[in-house]
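A short write-up of the structure that comes next.
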Amino acid sequence: MTLLALKLVLAHFIGDFVFQPTRWVEDKLRKKWKSKYLYWHIGIHLVALLVLLQFKQLVVVAIVIATHYCIDLGKLVLTNQKNHRWLFVVDQIMHLGIIAVLVYWKEPFQLNVGHLWESESLLLVSCIIFVTYVSGVIIRLLLAPYIEEVAKDDTEEGGSLKNAGKYIGMLERLFIFGFILMGQWAAIGVLIAAKSVFRFGDLNKGKNRKLTEYVLIGTLLSFGLAILAGTLYLGLVETH
């Protein structure tokens with residue numbers, strides 16, 4: 001089961017990402033089913049499947065190619081400026097879903113979801129939600145007295161991307177949480193150094209002193225909450 005699944009997924013990655021230039025995508029979006037690159041794209045998938053499956057499982061190959069063409073064509077017809085991002089996600093889920101169904105058809109497997117409701121799994125999910133969303137709310141509440149003043153200065157300097165700080169905080173806390181679970185405490189220091197380098201251009205100016213203090217407080221809170229969650233998770237798992 002694992003080998004068949006890996007071959008089908010690898011063929012999908014090769015066809016959808018490795019050998020699909022941006023100009024092919026743009027041409028397909030303009031011309032829809034009339035684009036020659038749609039058929040070149042399907043042809044690459046066919047070659048990848050035949051090579052990886054060693055010209056076996058031809059029924060599986062035929063089903064993958066037929067469904068891939070239908071899914072891609074449907075996406076091209078429905079895509080517009082507002083929905084292209086989530087349609088991409090739906091498109092990939094459908095492709096991988098077809099692969100999962102075919103693998104199950106050829107080599108039936110069982111999915112044991114019972115462990116998802118065990119205490120360790122629920123604890124892990126709780127910690128992940130804490131370091132992403134809950135920590136963000138806590139940090140915003142603690143920094144609330146300074147947000148308006150710093151935002152004013154930041155706007156004068158040109159502002160920043162919408163919600164960029166929110167997602168940066170989520171990612172850094174997830175990285176720290178993951179590093180702690182892997183026992184890689186030194187990697188946390190590397191992350192701190194990397195963030196300092198990226199923020200150096202903003203923080204080395206005297207007039208940005210308020211921003212510097214705000215960022216330092218936010219960073220220390222963010223790192224502290226992530227470390228707290230990681231150590232608490234490890235402690236609870238060990239005592240379970």
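The nearest pair of heavy atoms linking Val131 to Ala229 is CG1-CB, 3.4 Å. The shortest non-hydrogen separation linking Ile180 to Gly230 is CG2-C, 3.7 Å. Across all their heavy atoms, Gly15 and Gln20 have their closest contact at O-CB, 3.8 Å. Heavy atoms only, all atoms of each residue included: Leu49 and Ala11 are closest at CD2-CB, 3.6 Å. Closest approach of Ala48 to Ile14, counting heavy atoms only: CB-CG2, 4.3 Å. Residues Asp16 and Gln92 approach most closely at OD2-NE2, 2.9 Å, considering heavy atoms.
In this pair, Phe88 and Phe17 present their aromatic rings perpendicular. The plane angle is above 60°, beyond the 30 to 60° band. Aromatic ring pairs are classed by plane angle as parallel below 30°, tilted from 30° to 60° and perpendicular above 60°; the pair Phe177 and Tyr233 is perpendicular.
Counting only heavy atoms from C-beta outward, the side chains of Phe109 and Tyr104 approach each other to under 4.5 Å.
More than 12 heavy atoms of other residues, nucleotides or ligands lie within 6.0 Å of NZ in Lys32, so this atom counts as buried by the packing criterion. Atom CH2 of Trp33 has 12 or fewer neighbouring heavy atoms from other residues, nucleotides or ligands inside a 6.0 Å radius. The 12-atom threshold is not exceeded at CZ of Phe175, counting heavy atoms of other residues, nucleotides or ligands nearer than 6.0 Å. More than 12 heavy-atom neighbours from other residues, nucleotides or ligands sit within 6.0 angstrom of CE on Met170.
Applying the salt bridge (Lys or Arg N to Asp or Glu O under 4.0 Å) test to pairs two or more places apart or on separate chains, none has a residue in residues 220-231. Sorted by first and then second residue, the salt bridge (Lys or Arg N to Asp or Glu O under 4.0 Å) pairs with a member in residues 93-104 form an empty list; sequence neighbours excluded.
Under the rule for a side chain to side chain donor-acceptor pair (under 3.5 Å), Lys36 has no partner lying at least two apart in sequence or in another chain. For Ser222, the side chain to side chain donor-acceptor pair (under 3.5 Å) partners two or more places apart in sequence, or in a different chain, are Glu172, Arg173. With sequence neighbours excluded, the residues satisfying salt bridge (charged side-chain N to carboxylate O under 4.0 Å, His left out) with Asp91 are Lys75. With sequence neighbours left out, the salt bridge (charged side-chain N to carboxylate O under 4.0 Å, His left out) criterion links Lys166 to no other residue. The side chain to side chain donor-acceptor pair (under 3.5 Å) search around Tyr39 returns Tyr69, not counting sequence neighbours. Taking the salt bridge (charged side-chain N to carboxylate O under 4.0 Å, His left out) definition, one finds that Lys7 meets it with nothing, sequence neighbours left out. For Arg85, the side chain to side chain donor-acceptor pair (under 3.5 Å) test picks out no residue, with sequence neighbours left out. Residues meeting the side chain to side chain contact (heavy atoms under 4.5 Å, CB included) test with Ile44, sequence neighbours left out: Phe19, Trp24.
A distance-only check finds no donor-acceptor pair linking the side chain of Ser121 to the backbone of Trp117 [under 3.5 Å]. Within the 3.5 Å criterion, the main-chain N or O of Leu38 finds no donor-acceptor partner in the side chain of Asp72.
In this structure, CH2 in Trp105 is found 4.5 Å from CD1 in Ile63, a value given to the nearest 0.5 Å. One finds the CZ atom of Arg30 at 9.5 Å from the OH atom of Tyr37 (value rounded to the nearest 0.5 Å). Note that CG of Leu171 and CD1 of Ile168 are 8.0 Å apart. Values are rounded to the nearest 0.5 Å. For the atom pair Leu6 CG and Leu4 CG, the distance stands at 9.0 Å (nearest 0.5 Å). To the nearest 0.5 angstrom, Thr219 atom OG1 is 9.5 Å from Leu191 atom CG. Atom NE2 of His12 sits about 6.5 Å away from atom NE2 of His68, to the nearest 0.5 Å.
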Verify side-chain contact (heavy atoms from CB on, under 4.5 Å) between Leu58 and Leu50, making sure each step is shown before the conclusion.
-> CA-CA 8 Å; Leu58 296 182; Leu50 290 174; 3.8 Å; yes

Give the intermediate values and the outcome of side-chain contact (heavy atoms from CB on, under 4.5 Å) for residues Leu8 and Leu53.
-> CA-CA 8 Å; Leu8 293 177; Leu53 294 175; 4.1 Å; yes

When you look at Phe179 and Val190, which way does the side-chain contact (heavy atoms from CB on, under 4.5 Å) test go after all the steps?
-> CA-CA 11 Å; Phe179 290 149; Val190 175; over 6 Å; no

Leu46 and Ile42: side-chain contact (heavy atoms from CB on, under 4.5 Å), yes or no, with the steps?
-> CA-CA 6 Å; Leu46 177 60; Ile42 296 300; 5.6 Å; no

Side chains of residues 132-140: which donor-acceptor partners sit under 3.5 Å, not counting sequence neighbours?
from: Thr132; atom 1: OG1; to: Ile128; atom 2: O; distance (Å): 2.8
from: Thr132; atom 1: OG1; to: Ile129; atom 2: O; distance (Å): 3.1
from: Ser135; atom 1: OG; to: Phe130; atom 2: O; distance (Å): 2.7

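Think of Val51 as one node in a network of Ile, Leu, Val, Met, Phe, Trp and Tyr side chains linked at under 4.5 Å; its network also takes in Val47.
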